Amino acid sequence: MTYKNIDVYTLIKPEVLKLRNIGIETANLDCRLLLSKSLRRSKALFNHQNIFISQSEIVKFQSLIQQRLNGKPVSRIINRRNFWKKEFELNNETLDPRPDSETLIETIIEQYKDKLQFLKILDLGSGSGCLGLSLLDEYPQSEASFFDISPKSLEMVKKNALNLGLSKRSKYINLSWEVDGWDEKLLTIEKNIKYDVIISNPPYIPSDVIKTLKKEVRKNDPFIALNGGKDGLDAYKFILPKLLKIIKSSGKIFLEIGKGQENCVIKIATMHGLSLKEYKKDLSGVTRVLIFIIK
Ligand SMILES: C[S@@+](CC[C@H](N)C(=O)[O-])C[C@H]1O[C@@H](n2cnc3c(N)ncnc32)[C@H](O)[C@@H]1O
């Protein structure tokens with residue numbers, strides 16, 4: 001096979017222009033990430049780095065650029081996304097982790113300052129595992145259970161845990177919070193040991209709103225990871241009534257919510273024996289995380 005010796009910028013320049021022309025502001029970075037993927041490298045290349053590239057790798061790069069031109073997000077093309085301090089692999093049943101969800105991690109770190117303490121953590125609706133695994137990475141003595149309705153997403157959590165060296169402290173639970181007695185089933189699996197920390201970023205987008213979302217989100221994120229039912233609150237209505245049973249008396253619950261959902265979610269929680277401890281806004285000033293404790 002013959003290889004061409006070329007600098008990255010010369011190779012990507014025409015593709016950067018194509019992406020810029022359709023309004024993609026991150027065109028240069030996107031091209032470098034897609035080129036890395038074509039060369040089977042894990043990190044983005046530098047613009048002025050020299051590379052050796054074969055004709056088939058160039059063809060591969062151009063096909064990835066075409067996917068980007070068709071509106072597929074880079075994270076979905078390369079099946080990877082950076083979250084908090086690590087890189088997570090994704091598949092078609094995992095949500096593409098959002099920077100707003102890092103507010104959950106930030107909030108927990110503020111609440112639990114001693115990184116060496118033991119926390120038993122539950123990540124409800126774990127997706128790629130980005131939340132629970134980031135916490136395991138921050139709290140090296142702690143353990144986490146990852147709970148999701150999608151077996152394929154749990155496979156991804158397993159892979160991410162392995163990649164990050166966190167497998168020994170991770171447990172994978174394929175259950176649905178819509179199933180009667182899910183709390184009892186969970187406690188049986190956990191040998192009746194309750195949690196110190198429950199974290200959840202459940203689906204919270206009202207069904208009607210999903211069709212108005214950007215095509216990139218609508219087409220690439222799994223519906224089940226987005227859909228919160230008619231008013232966006234279905235998951236909270238299933239989850240909150242059961243938390244009292246599975247949390248330790250000193251435990252804390254950290255919930256991500258959508259814009260403007262705080263009053264409704266606080267009301268449901270209060271009806272089920274929980275009280276609001278604090279809330280936290282994301283970088284755009286939207287109330288994003290609610291912390292609940294036992295009343
Ligand atoms: C918004 S995503 C969050 C994923 C991940 N925690 C994150 O923050 O990127 C919601 C997750 O809830 C899961 N889910 C949806 N309905 C569920 C149910 N009834 N029981 C358990 N998990 C469910 C989805 O599969 C999805 O992984």
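Whatever order the structure lists ligands and atoms in, that order sets their numbers, starting from 1. Only a predicted model underlies this, so the values are computations on that prediction, with no experimental measurement involved.
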### Message
Applying salt bridge (charged side-chain N to carboxylate O under 4.0 Å, His left out) to Lys237 and Asp231, what does each step give before you reach the verdict?
### Response
CA-CA 11 Å; Lys237 291 177 196 160; Asp231 55 5; 2.8 Å; yes
#### Entry: Passing candidate, side chain to side chain contact (heavy atoms under 4.5 Å, CB included) with Met156, options Asn79, Asp148, Thr94
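Of all the options given, the one that passes is Thr94.
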For [atom], what's the nearest protein heavy atom and its distance?
atom                    : value
atom 1 (C) of ligand 1  : Ala225 O, 3.0 Å
atom 15 (C) of ligand 1 : Ile224 O, 3.4 Å
atom 18 (C) of ligand 1 : Trp177 CE2, 3.4 Å
atom 10 (C) of ligand 1 : Asn201 O, 3.4 Å
atom 4 (C) of ligand 1  : Gly125 O, 3.5 Å
atom 19 (N) of ligand 1 : Ser176 OG, 3.1 Å
atom 9 (O) of ligand 1  : Cys130 SG, 3.4 Å
atom 25 (O) of ligand 1 : Asp148 OD1, 2.7 Å

### Query
Applying a strict 4.0 Å limit to heavy atoms, is Ser153 in contact with ligand 1?
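Judged by the 4.0 Å heavy-atom criterion, Ser153 does not count as contacting ligand 1.
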Which bit of [X] gets closer than 4.0 Å to ligand 1, counting heavy atoms only: side chain, backbone, both or neither?
X      : value
Pro222 : neither
Phe147 : side chain
Ile149 : both
Leu175 : backbone

### Query
With a cut-off of 4.0 Å, which atoms of ligand 1 are near a heavy atom of Leu131?
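With Leu131 as reference, the close atoms of ligand 1 come out as 6 (N), 8 (O).
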#### Entry: Enumerated ligand 1 atoms positioned under 4.0 Å from heavy atoms of Glu178
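With Glu178 as reference, the close atoms of ligand 1 come out as 19 (N).
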### Query
Taking only residues two or more places apart in sequence, or in another chain, which ones meet Phe147 in a ring-ring contact (aromatic ring centres under 6.0 Å, His included)?
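Result, ring-ring contact (aromatic ring centres under 6.0 Å, His included) vs Phe147: Trp182.
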### Query
Just checking, is any N or O donor in the side chain of Glu57 or Tyr3 under 3.5 Å from an acceptor N or O on the other one?
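Side chains of Glu57 and Tyr3: no pair found under 3.5 Å.
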### Task
Please work out whether the ring planes of Tyr172 and Phe146 are parallel, tilted or perpendicular, with thresholds of 30° and 60°.
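Ring orientation of Tyr172 relative to Phe146: parallel.
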### Query
What's the verdict on side chain to side chain contact (heavy atoms under 4.5 Å, CB included) for Arg68 and Glu15, showing C-alpha distance, side-chain angles and the deciding distance?
CA-CA 10 Å; Arg68 186 70 190 109; Glu15 315 303 333; over 6 Å; no
### Query
Any chance NZ of Lys86 has more than 12 other-residue heavy atoms, nucleotides or ligands included, within less than 6.0 Å?
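No, NZ of Lys86 has 12 or fewer neighbouring heavy atoms, counting only those of other groups under 6.0 Å.
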#### Entry: Test side chain to side chain donor-acceptor pair (under 3.5 Å) applied to Lys37 - qualifying residues, sequence neighbours left out
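In terms of side chain to side chain donor-acceptor pair (under 3.5 Å), with neighbours along the sequence ignored, Lys37 is linked to no residue.
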### Message
Less than 4.0 angstrom from a charged side-chain N to a carboxylate O is my criterion; do Arg76 and Glu216 meet it?
### Response
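Looking at Arg76 and Glu216, the cut-off is not met.
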### Message
Do Trp84 and Ile109 make a side-chain contact, defined as non-hydrogen atoms from C-beta onward lying under 4.5 Å apart?
### Response
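SC-SC contact between Trp84 and Ile109 confirmed.
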